[in-house]
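One structure is given below, encoded as structure tokens.
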Amino acid sequence: MFRSVARSAAGKHLLRRGYATESVPDRKVAVLGAAGGIGQPLALLMKLNPLVSRLALYDIANTPGVAADVSHVNTRSEVAGYVGEDQLKQALEGCDVVIIPAGVPRKPGMTRDDLFNINAGIVKGLCAAIAKYCPNALVNMISNPVNSTVPIAAEVFKKVGTYDEKKLFGVTTLDVVRAKTFYAGKAKANVADVNVPVVGGHAGITILPLFSQATPKANLPEEDIKALTKRTQDGGTEVVEAKAGKGSATLSMAYAGAIFADACLKGLNGVPDVVECSFVQSTVTELPFFASKVRLGKNGVEEVMGLGPLSDYEQAGLESLKPELKASIEKGIKFANQN
């Protein structure tokens, strides 16, 4: 039963563009932080993806058990678990995509910024290993705060000469998933048909859903748009509070991470017109990193797409988010350049 449920839910989206397993190339994917709250369900979802031929699960503890469990799922990929820094090289060598959900989760009353020093240090160390062992891999950054951890990764790669702006992504897909879900509920639309671009960053007011560009068009009143925007921005807090101190948004984040990794794999395999929102190096605004729609291809980013027409409310939101996003980016760069 679980297999049919998984296939009809996550699997349906992952398989939507269609492909034959026999015709796709071998692809190795690593999940760094695979024993954690996001990592475990993400590992399962990547095991369900027929584009993955080898799945490497890494963490500082407990990974062999997770790998053994996931490996019993009867899908294409071979699974291996790696534990501790001594095995990080084996986990990373030959990777096409590296997904990083490693770090500590938010707890009630915590902002993403409270997590900064712990998660920034973890990300810095993992990115140094990626630069050494799989410098050409696409890196999908989930570890928060993404507004800072992506710039940290970029600086680490620059220092050793492996930085390629086309291959580093902040995973903001959960903001899109939430915006689609909330909009569909309010617009009484089929959520499978809904699309909502979300731009900016990946924390609080830096998350800017562009409901004026949502499809199908619903012509919602401005008070509804404002409420939907606020709920999308506060979606993580909503889950943290609902879990009452026992976790954060792990399951929905794993789903979103699997959707984005699948898009990256499709792009690498030459599937045309693969477009997702992501926090990447950008010239869309004056900020060096910004989330917007990105066309994915064989080299990672093929095109960073513009914002399109904004409503007055969205334009005001764009201007208000810039100072906070700028500060988060600069904080990440400063941390990366500390000894």
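When hydrophobic clusters are built by joining Ile, Leu, Val, Met, Phe, Trp and Tyr residues whose side-chain heavy atoms come closer than 4.5 Å, directly or via intermediates, I118 is grouped together with V150. No continuous path of hydrophobic side-chain contacts links I329 to I205 [ILVMFWY only; heavy atoms under 4.5 Å]. L45 and V239 sit in two unconnected hydrophobic clusters of ILVMFWY residues. Membership requires side-chain heavy atoms under 4.5 Å apart, directly or through other members. Hydrophobic cluster membership is shared by V123 and Y133, with clusters built from Ile, Leu, Val, Met, Phe, Trp and Tyr side chains linked at under 4.5 angstrom.
Remark: K331 NZ to T149 OG1 distance equals 12.0 Å, nearest 0.5 Å. Expressed to the nearest 0.5 Å, how far NE2 of H202 lies from OG1 of T173 amounts to 8.5 Å. Taken from OG in S311 to CG in L210, the straight-line distance is 8.0 Å, to the nearest 0.5 Å. T232 contributes atom OG1, which lies 10.0 Å from atom CG of L174 (distance to the nearest 0.5 angstrom). We find the CD-CG distance between Q315 and L318 to be 5.5 Å, quoted to the nearest 0.5 Å. Atom CZ of R76 sits about 14.0 Å away from atom CG of L48, to the nearest 0.5 Å.
A donor-acceptor distance shorter than 3.5 angstrom exists from the side chain of S143 to the backbone of I100, with no hydrogens or angles considered. The main-chain N or O of L296 is never found under 3.5 Å from a side-chain atom of E302 such that the two would form a donor-acceptor pair. Between the side chain of K28 and the backbone N or O of A91, at least one donor-acceptor pair lies under 3.5 Å. Of the possible donor and acceptor atoms, none in the side chain of D69 sits under 3.5 Å from a partner among the backbone N and O of G65. Judged by distance alone, the side chain of D26 and the main-chain N or O of S53 form no donor-acceptor pair under 3.5 Å. Side-chain atoms of K243 come within 3.5 Å of backbone N or O of S248 as a donor-acceptor pair. N190 places a side-chain N or O within 3.5 Å of a backbone atom of A192 that can act as its donor or acceptor partner.
Residues P145 and F116 meet the side-chain proximity criterion, which asks for heavy atoms closer than 4.5 Å. Between Q40 and V70, every side-chain heavy-atom pair lies at or beyond the 4.5 Å cut-off. Here the side chains of I152 and C127 are not in contact, with every heavy-atom distance at 4.5 Å or above. Contact check for V198 versus L208: no side-chain heavy atoms found under the 4.5 Å cut-off. In this structure, the side chains of V29 and C95 stay at 4.5 Å or more apart for every pair of heavy atoms. K159 has its side chain within reach of N337: a pair of non-hydrogen atoms, C-beta onward, lies under 4.5 Å apart. No side-chain heavy atom of N140 sits less than 4.5 Å from a side-chain heavy atom of V98. Annotation: side chain of V294 is not in contact with side chain of M305 (no heavy-atom distance under 4.5 Å).
Judged as a salt bridge (charged side-chain N to carboxylate O under 4.0 Å, His left out), and not counting sequence neighbours, the contacts of E330 are K326. In this structure, D164 has no salt bridge (charged side-chain N to carboxylate O under 4.0 Å, His left out) partners at least two apart in sequence or on a different chain. Partners of F169 according to the ring-ring contact (aromatic ring centres under 6.0 Å, His included) rule, which considers only residues two or more places apart in sequence or in another chain, are F260. Evaluation of the salt bridge (charged side-chain N to carboxylate O under 4.0 Å, His left out) rule for R54 yields no partner, not counting sequence neighbours. Here K230 pairs with D234 under the side chain to side chain donor-acceptor pair (under 3.5 Å) rule; sequence neighbours left out.
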Go through it in stages, so that I can follow the logic: the residues are I207 and T172, the test is side-chain contact (heavy atoms from CB on, under 4.5 Å), and I'd like the CA-CA distance, side-chain angles, deciding distance and then a yes or no.
CA-CA 9 Å; I207 300 166; T172 59; over 6 Å; no
Please determine whether side-chain contact (heavy atoms from CB on, under 4.5 Å) holds for the pair I259 and E276, giving the CA-CA distance in whole Å, both sets of side-chain angles, and the decisive distance to 0.1 Å.
CA-CA 9 Å; I259 294 301; E276 295 286 344; 4.2 Å; yes
For the pair V240 and K246, evaluate side-chain contact (heavy atoms from CB on, under 4.5 Å) and give the outcome as yes or no after the intermediate values.
CA-CA 8 Å; V240 167; K246 293 184 169 54; over 6 Å; no
Apply side-chain contact (heavy atoms from CB on, under 4.5 Å) to the pair M253 and I142, showing each step before the final yes or no.
CA-CA 8 Å; M253 184 63 250; I142 291 174; 3.9 Å; yes
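By the 6.0 Å contact criterion, NZ on K158 is enclosed, its count of non-hydrogen atoms from other residues, nucleotides or ligands being greater than 12. More than 12 heavy atoms of other residues, nucleotides or ligands shown are found within 6.0 angstrom of NZ on K322. The number of heavy-atom neighbours closer than 6.0 Å to CG of D312, taken from other residues, nucleotides and ligands shown, is 12 or below.
Closest approach of A34 to L57, counting heavy atoms only: CB-CB, 3.6 Å. L92 approaches C134 most closely through the heavy-atom pair O-CB, 3.3 Å. The nearest pair of heavy atoms linking A154 to F289 is CB-CZ, 3.8 Å. Scanning all heavy atoms of the two residues, the minimum distance from L307 to S292 falls at CD2-CB, 4.3 Å. Smallest separation of non-hydrogen atoms from L138 and C264: CD1-CB, 3.8 Å. Residues M141 and A153 approach most closely at CE-CB, 3.9 Å, considering heavy atoms.
Residues K47 and T75 have side chains that bring a donor and an acceptor to within less than 3.5 angstrom of each other.
Within the structure, salt bridge (charged side-chain N to carboxylate O under 4.0 Å, His left out) pairs that include any residue of residues 207-224 comprise E222-K226 (at least two apart or interchain). Counting only residues at least two apart or in different chains, side-chain hydrogen bond (donor to acceptor under 3.5 Å, both in side chains) contacts with residues 55-67 are absent. The stretch residues 204-213 participates, sequence neighbours left out, in these side-chain hydrogen bond (donor to acceptor under 3.5 Å, both in side chains) pairs: N147-T206, S212-E314. Residue pairs that meet the salt bridge (charged side-chain N to carboxylate O under 4.0 Å, His left out) test with at least one member in residues 287-296, sequence neighbours left out, are D273-R295, R295-E303. The stretch residues 78-98 participates, sequence neighbours left out, in these side-chain hydrogen bond (donor to acceptor under 3.5 Å, both in side chains) pairs: R27-D96.
A salt bridge is absent between K180 and D175; no separation between the charged side-chain nitrogens and carboxylate oxygens falls under 4.0 Å.
Applying the under-4.5 Å side-chain rule to Ile, Leu, Val, Met, Phe, Trp and Tyr, the cluster around L228 extends to F182, Y183, V194, V196, F211, L220, I225, Y313.
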Report, one line per pair, each donor and acceptor closer than 3.5 Å where one atom sits in a side chain of residues 278-285; sequence neighbours left out.
from	atom 1	to	atom 2	distance (Å)
S278	OG	G170	O	2.9
Q281	OE1	Y163	OH	2.6
S282	OG	V284	N	3.0
T285	OG1	L287	N	3.1

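When each of L126, V83, I130, I60 is paired with L88, the side chain to side chain contact (heavy atoms under 4.5 Å, CB included) condition holds for L126 and for no other.
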